[in-house]
Amino acid sequence: MKPAEIPELPPGVDDQLAGEGIESLYPPQAEAVEAGLTKGESLVASVPTASGKTLIAELAMLSAIQRGGKALYIVPLRALASEKKTEFERWEEYGISVGVSTGNYESSEEWLASRDIIVATSEKVDSLVRNNAGWIDQLSCVVADEVHLVDDRNRGPTLEVTLAKLRRINPGLQVVALSATVGNAGEIADWLDAELVHSEWRPIDLRMGVHFGNAINFDDGSQREVPVDRSQRQTEALVGDTLDEGGSTLVFVNSRRNAESAAKRQGGVVERRLDDDEKAELQDLAEEIRSVSDTETSDDLADCVENGSAFHHAGLASEHRSLVEDAFRDRLLKVICATPTLAAGVNTPSRRVIIRDWRRYDGEFGGMKPLDVLEIHQMCGRAGRPGLDPYGEAVLLSKDADTMDELFERYVWADPEPVRSKLAAEPALRTHLLATISSGFANSREGLLEFLDATLYATQTGDDGRLSTVTDTVLDYLEANDFIEREDETIRATNIGHTVSRLYLDPMSAAEIIDGLRYAEEDRGKDEQSTGESHRERPAAEPEKVETDGFVSASDLVGDETEDETTETEAESDVDETQPPARPTPLGLYHLVSRTPDMYELYLKSGDRETYTEICYEHEAEFLGRMPSEYEDVAFEDWLSALKTAKLLDDWASEVDEDRITERYGVGPGDIRGKVETADWLLGAAEQLAGTLEFSSTIAVREAKKRIEYGVREELLDLAGVRNVGRKRARRLFEAGIESRADLRNTEKGVVLGALRGRRKTTETILENVGREDPSLDGVDEVETETAAVAREDRESDSGDEHSGDQSSLGDF
DNA sequence: TATAATGTATTGTAGACAGCATGTC
DNA sequence: CTACAATACATTATA
């Protein structure tokens, strides 16, 4: 089928496609068009990676827009959102406008409403539906990229529920679901009332094989000699071999450390095959990488890059990641050793893919668990760049003949596992049922069940017994925590329930936070008031707590002990009436948010147990909630890892250097940013919850959040809020005696200039931002104050290098 | 005796979405 | 209960 033969496209689009070198559609694309893709027909396309899925989506969206509609493209990752947006922007000359909406790339509702295509993550769409974004009901076409992810335990249910809701809001909605090749795509099509296009066709040949001994054995029976001798391991030999053919390699390994060490080793293989130009370019890239952050990871990566190799995993700062990805696409880097992140992420095709490790440690499983077939196939799908390589090769490694047979059996010949809905899990239903009630989708148990009947789970099981059981458990939980109210048959969300849903919090996180804040409130209450009533504002006759996931509301367990402590503290406060009332400390708040299910836990290493147990007792009084017993409570372990996270955050908010933090907690720079971002978000939510409940701790929460946001101590909060002033500049100014915005406005300009190490432009901008009357520095000379000089010597002695702009630290979007 | 080569116990393990209010070198 | 690579440390071979 030629582009010109596709019905219902906007004028000019066919020419554009032809101009892009598309003479005729790929078979699966043609099949999709024949199935009515451009006529508004719903469709599930289950086809291999890189076989033109995006074009299928584009055809559907463009034709829908041509009919006067509006399209939504749902991506699984934020990074993909911007990638897709750029891709779609080539239609702008045909009058098609594109917008993005993700957590860190926000656009106003009106602006989005005016766009023809909107790209968003599934969570963002869910959130928009919850908050009744006006344009949602104008949608006529929705594309769900990588729908097989409904199988994902954590994030799958969101996609599932979101699609169900969108279909409910707009019954005529065209749904185009793009999936990797999975066996049961038909079930997904049933669920969505869609046509199915299933194909194994690829535009570029993919050969899968297993390397064993001195050769790769391919699935088509052919072999390729790649000798391995003592000095060269399998991976190195294969990388060298690809490079001699002029191709680059992607190596998948199972841990971050392996990725780093493998990259280091590959450097040797690659380096001796580089020419001088490449070396020079790599040198520049290495410098750029070094300047992203002055951590060890950053240095290690730069060292690798100098040799033309790199590692890639979630511990990297996002700037690192994109630098590496871009350089690999430009063929400057010859090898990337990566954890599976890369397979799911942005498009980084490569001539050859090596899957070194096919098993990964899994604590729940209790050992090394083989990767899913689907996951392996996704990695393999990165092999071969259409138009550039004659074919792609995916190679698994084995050490003996038996393993080789197993690998063929398990992965090369095998079909991927069927996709199964994970919706019936309690954590998923907790959050989605509350949202469904809160946004008015359903107001009774029956209504909820009816809605759930429109999900993939219902289609797949055909039996809603489990669903209704879990629904009841979850409803009890929500009611017990005052998120919903039941009156006869009607269910409605409480004030706080609405807030929780709007904030996109897991209700369990919200319950934990509320309990923690209430704990602080009661603590404070007993200092302030002597009447002794009213400090228990929960309903007196509270129903027996439902044990959801073993979670029992902390305030229930606390009862007696609070009374005990009360008497003690009261005795003390009698002595000193002027003592200000207790108020949550930052560490206490960090610990509180760190133990919610929304915060990804830090791993306790050996020796950490002792260290943190000690710290735990030191800070016992600061915790917002009852500390589990060290000896009898399994929850103590979790308490400690939350404490570790809390300490990390506390270090960050105390201006500890990034590399000190990475060293102390055994994390990468990317992890720090991630943790900080999550904490910032949760503290924001906590602030709103405290506000809604009119707790006195609101201010303390806000302050803790600000400190996390800017990464500074309390005394710098005022300064760090000024635009262009981050944690480093704020500290410099402070050391020079400029302690507040008012100081910044009034201090002699020369002093400010001195404190900012003579950067005239920066100083002017900052003075302007702080609202100084006359920010111009004309004729002003640098004044070296004593404190500034001392501070500078300090700085220069331990870090001689000059980092002018390393203070943006957060929120790079 | 210093050093290199080899054997053995120990250690640690992937990933990343969301609110809100405004704006990075 | 299951693995395995990297590392740290211990032992043995070698100049």
Side-chain angles (χ1 to χ4, degrees), chain A residues 75-79 81 101-104 106 108 120-128 130-131 149 152-156 158-159 233 252-262 264-265 291 312-315 318-319 321 338-345 356-363 365-371 375 399 431 499-506 509 598-600 603-608 666 670-671 673-675 677-678 680-689 702 705 709 721 723-726 729 759 761-762 765 769 803-813:
Chain A
V75 289
L77 293 171
R78 289 199 290 235
S101 178
T102 66
N104 51 17
E106 195 52 60
S108 76
T121 55
S122 37
E123 283 76 9
K124 189 65 192 190
V125 178
D126 186 22
S127 164
L128 289 165
R130 290 185 189 192
N131 296 306
L149 290 173
D152 186 286
R153 187 164 298 286
N154 303 313
R155 299 179 51 208
T158 306
L159 179 57
R233 304 182 189 214
F252 286 106
V253 296
N254 65 0
S255 74
R256 294 177 178 188
R257 219 174 49 184
N258 284 343
E260 296 188 15
S261 56
K264 209 170 288 176
R265 276 201 312 273
S291 72
H312 185 288
H313 57 66
S318 56
E319 300 94 313
R321 283 209 242 175
T339 53
T341 354
L342 198 63
R356 201 191 72 181
D357 305 327
W358 53 282
R359 281 179 294 199
R360 184 171 51 225
Y361 182 85
D362 183 333
F365 184 74
M368 296 303 274
K369 187 181 176 182
L371 296 183
E375 214 170 335
K399 286 200 165 60
T431 178
T499 308
V500 171
S501 172
R502 188 173 46 79
L503 290 173
Y504 212 80
L505 272 182
D506 180 340
S509 294
D598 275 313
M599 180 73 90
Y600 196 72
Y603 185 88
L604 277 187
K605 304 191 177 175
S606 66
D608 278 0
D671 298 300
R673 316 274 178 111
K675 282 276 173 311
E677 195 187 326
T678 311
D680 183 33
W681 169 57
L682 285 171
L683 286 168
E687 184 191 333
Q688 303 230 354
L689 288 173
R702 179 163 38 235
K705 173 182 147 55
E709 191 180 342
R723 224 181 305 163
N724 290 334
V725 179
R729 284 179 190 163
R759 299 289 149 82
K761 189 75 191 75
T762 316
T765 322
N769 289 337
H803 269 305
S804 53
D806 191 33
Q807 58 137 321
S808 62
S809 29
L810 271 184
D812 280 13
F813 289 89

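These values consider heavy atoms only, across backbone and side chains, with no hydrogens, waters or symmetry-generated copies. Note on naming: letters A, B, ... go to the chains in the order of the sequence lines (proteins, then strands), and numbering restarts at 1 for each one.
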Looking at every strand, decide which applies to Lys605(A) at a 4.0 Å heavy-atom threshold: base, sugar-phosphate, or nothing.
sugar-phosphate
Which of the following nucleotides, dA14(B), dA16(B), dA18(B), is nearest to the side chain of Arg321(A)?
dA16(B)
dA14(B) phosphate, OP1 or OP2, under 4.0 Å from Arg257(A) side-chain N/O:
no
Would you say Asp506(A)'s side chain and Thr431(A)'s backbone share a donor-acceptor pair under 3.5 angstrom?
no
Using a cut-off of less than 4.0 Å, is there contact between a side-chain N or O of Arg256(A) and OP1 or OP2 of dG12(B)?
no
Can you tell which of dT13(B), dC17(B), dA16(B) lies closest to the side chain of Thr121(A)?
dC17(B)
Between Tyr504(A) and Asp126(A), is there a side-chain donor-acceptor contact under 3.5 Å, judged purely by atom types and distance?
yes
Flag side-chain contact, heavy atom, 4.5 Å: Arg360(A) against Glu375(A)
yes
On a heavy-atom basis, which atom in His313(A) and which in Thr339(A) lie closest, and how many Å separate them?
CB-OG1, 3.3 Å
Using a 4.0 Å heavy-atom cut-off across all strands, classify Arg360(A) as base, sugar-phosphate, or nothing.
base
Leu77(A) near the nucleic acid: base, sugar-phosphate alone, or nothing, with a heavy-atom cut-off under 4.0 Å?
sugar-phosphate
Outermost contacting nts on DNA chain C, any atom under 4.0 Å from chain A heavy atoms, listed 5' then 3', are dT2(C) to dA6(C)
Tell me what Arg130(A) touches on the nucleic acid: a base, only sugar-phosphate, or nothing, going by heavy atoms under 4.0 Å.
nothing
So, Trp681(A) and dA18(B): ring centres less than 5.5 Å apart, planes less than 30° off, yes or no?
yes
Starting from the C-alpha separation in whole Å, work towards a yes-or-no answer on side-chain contact (heavy atoms from CB on, under 4.5 Å) for Glu260(A) and His312(A).
CA-CA 8 Å; Glu260(A) 296 188 15; His312(A) 185 288; over 6 Å; no
Would you indicate what Glu687(A) reaches in the nucleic acid, counting non-hydrogen atoms under 4.0 angstrom: base, sugar-phosphate, or nothing?
nothing
Under 4.0 Å between any heavy atoms, over every strand shown, what does Lys264(A) touch: base, sugar-phosphate, or nothing? Just pick one.
nothing
Which ranges of DNA chain B pair up as stems, where a stem means three or more consecutive Watson-Crick or G-U pairs with both distances under 3.5 Å?
B:1-13 with C:3-15
Using the C1' atom on both, measure dA3(C) against dA14(B) and round to a whole Å.
16 Å
Assign Ser122(A) to base, sugar-phosphate, or nothing according to its heavy-atom contacts below 4.0 angstrom with the strands shown.
nothing
Determine whether Pro370(A) and Trp358(A) make a side-chain contact, defined as any pair of heavy atoms from C-beta on separated by less than 4.5 Å.
yes
Whether the Asn104(A) and Thr102(A) side chains hold a donor-acceptor pair (N or O, under 3.5 Å, no angle test) is what I'd like checked.
yes
Evaluate the side-chain proximity of Leu128(A) to Glu123(A): yes if any heavy-atom separation is below 4.5 Å, no if none is.
no
Whether Thr341(A) contacts dA16(B) is assessed here as follows: a side-chain N or O lying under 4.0 Å from the phosphate OP1 or OP2. Is that the case?
no
Any chance you could lay out the salt bridge (charged side-chain N to carboxylate O under 4.0 Å, His left out) test for Asp671(A) and Arg256(A), step after step, and finish with the verdict?
CA-CA 12 Å; Asp671(A) 298 300; Arg256(A) 294 177 178 188; 2.6 Å; yes
Tyr603(A) side chain: which of dT13(B), dG19(B), dA18(B) is closest?
dT13(B)
